[in-house]
Amino acid sequence: MTPSDARHPILTVENLFVELSRKKAVTPILQDVSLSLPEAGMLGLVGETGSGKTMTARAIIGLLPPGVHVKSGSITLDGSELLVDNSTAMREVRGVQIGMVFQNPRTALYPMSSVEAQMKRVLRAHLNLARPNRATRIHEYLRLVGIDDVRRVARSYPHELSGGMAQRVVIATSLLCEPTVLIADEPTTGLDATIQRQILELIADLQARFSLSVLIITHDLGIVAQYCDSVSVMNEGRVVEHGPKRQVLKSPAHEYSERLIAASDLRRIRRAKTSEPQ
Amino acid sequence: MSSLPMGNTGQEGASIAIAVEGLTKTFHTRRGIPNVVAVEDVSFSVETGSTLGIVGESGSGKSTVARCLLGLTPVDSGAIEVLGRSLVGAPAKQLRSWRSEMQIVFQEPYESLDPRYRVHQAVAEPLLLHTDLRGDVLGRKVLDLLEHVSLQPELARRYPHELSGGQQQRVNIARALATSPKVLVLDEPTASLDVSVQEGVLRLLLALQEEFGLTYVLISHDLTAIRAVCEQVAVMYAGRFVEIGPVDEVLSNPRHPYTEFLIGAELSVDPDVSPLAGIVRGEVATSERPPGCLFAPRCPMRVDQCEEGRPLFESVAPDHVAACLFADRSVDWSD
């Protein structure tokens with residue numbers, strides 16, 4: 001029994017329809033997507049490539065690609081509607097109330113600035129801090145994400161960082177303005193097993209320390225099983241199943257979730273010829 | 001009834017398809033930047049018709065081993081014998097003609113294909129290079145290859161960008177099979193594919209191996225893929241093999257702390273099966289190569305003795321060796 005679903009939802013998506021309009025053709029991208037992220041909970045959003053996971057995240061933070069727009073639906077953060085046409089208000093949400101960790105840490109960072117310079121830009125845009133306090137805060141947050149040689153990393157450019165280190169910097173940046181919600185889109189894809197574990201443990205640790213509410217987008221059901229409270233399964237732009245992780249993973253109600261879980265367990269494939277005498 | 005001739009599959013006695021001894025490769029860099037030792041003293045052999053998996057993290061040297069196996073990257077020292085031919089020092093022209101019998105499938109299915117070639121052109125390319133099939137015969141051979149990798153003939157006129165990742169990888173496999181190779185090196189063939197698509201590609205690889213008696217070297221960082229298709233597995237860390245043995249034995253009874261960690265780090269889809277409690281701290285040091293065990297700086301079992309020299313392989317079970325001073329002990333992962 002996970003208590004998470006009983007908790008007050010901090011972020012909700014209700015009956016969200018998103019479509020791509022190109023010339024006269026309209027392609028539905030998200031169809032009737034509803035999600036609920038409990039306060040201080042961790043919700044996994046899983047599905048395969050093209051299922052609409054990332055589009056859902058981008059709709060939440062108001063960063064849909066050109067041509068893609070919300071047709072109808074509602075997204076609320078702590079009770080207030082985000083789907084209002086007000087870009088100034090949205091800027092206050094994005095990066096301040098909602099932190100975002102994008103997929104590829106190398107491309108999420110700006111290649112032409114040092115770590116410190118780009119983190120300062122975030123602070124300048126959102127927080128009214130006296131100049132000397134900015135560097136202190138940046139160093140504090142870099143230490144928070146487990147970086148030991150803060151000075152060297154702060155001076156580094158993204159290409160000088162390893163993938164794991166770059167992801168730590170991205171996480172530190174996303175937390176700079178003390179958001180209540182963190183959206184992590186495939187935060188460990190492309191990282192090595194040892195580093196994946198480090199990053200996941202870091203996110204779990206930060207979540208517990210700051211009572212963050214985390215929406216983690218992944219195709220890896222192992223992450224859901226080990227780190228999330230609840231899970232929503234997406235397929236072809238729809239949420240096909242939602243529930244506490246144990247319920248969904250152990251006794252999936254939807255046929256698609258069942259197939260996804262089965263496919264994650266490649267142990268079913270076996271070599272036809274097991275140690276047959278040569 | 002194979003319609004893909006496998007060439008002269010004579011020599012019944014030669015049951016070893018690949019033999020590598022003391023393979024070492026250093027990449028030289030500009031002055032002032034330390035050289036990168038990609039592979040250091042790696043030895044293994046693969047029996048004909050079986051699969052060796054090489055597992056390790058990025059930068060561990062897996063792909064360099066793969067490239068050396070085909071003579072695509074010259075080695076510093078060591079011996080490589082594939083299908084009874086010594087590749088080290090062989091002239092490029094010779095290597096090229098031998099390569100029809102040893103092929104590679106690269107990581108990125110889309111990047112591996114020429115975007116301007118339609119599927120049938122891509123599959124015909126190796127045949128035009130290595131055989132004298134032309135015209136209708138060539139066309140039939142291409143369709144036959146597509147059928148072998150379960151691609152519908154309608155896809156033959158498509159361009160790579162019009163295919164899904166799984167279909168692209170099947171085209172790459174068809175290309176690799178075109179010249180009837182005996183050895184196939186698979187460099188992360190499923191890394192960028194969705195889980196359900198991975199399964200299809202792995203099943204295809206197993207079926208092809210059975211049909212044509214292929215010998216595989218499967219490079220992967222994914223233990224589930226390794227477990228599904230390999231007989232033997234070698235674990236690579238910072239350019240060296242640290243453990244090698246039968247896949248079931250190594251994965252159920254790992255004797256090197258790094259292997260143990262890799263297995264323990266797998267996140268089960270069953271919420272009631274917890275992963276290993278401990279995590280390995282730090283990152284692989286790529287530039288520093290201390291004289292001792294390369295894993296020692298991150299190892300929870302490290303003692304001073306570990307830094308004295310590279311640990312030798314210790315036999316821990318039949319055909320199962322591990323390069324750790326404590327290969328006979330279990331790791332205490334608690335912090």
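Per chain, numbering begins at 1; letters A, B, ... match sequence-line order.
Only the side chain of A:Glu201 comes within less than 4.5 Å of a heavy atom of chain B; its backbone N, CA, C and O stay farther away. Heavy atoms closer than 4.5 Å to chain B are found in both the backbone and the side chain of A:Leu221. There is no contact between A:Leu191 and chain B, counting heavy-atom distances below 4.5 Å.
Atoms CD1 and CG, from B:Ile18 and B:Leu52 in turn, are 7.5 Å apart once rounded to the nearest 0.5 Å. Rounding to the nearest 0.5 angstrom, the gap separating the OG atom in B:Ser192 from the OH atom in B:Tyr110 is 13.0 Å.
With sequence neighbours excluded, the residues satisfying side-chain hydrogen bond (donor to acceptor under 3.5 Å, both in side chains) with A:Arg238 are A:Gln31. Applying the ring pair (Phe, Tyr, Trp, His ring centres under 6.0 Å) criterion to B:Phe44, with sequence neighbours excluded, gives B:Phe241.
Of the listed residues A:Leu249, A:Val224, A:Asp192, the one with more heavy-atom pairs under 4.5 angstrom with chain B than any other is A:Asp192.
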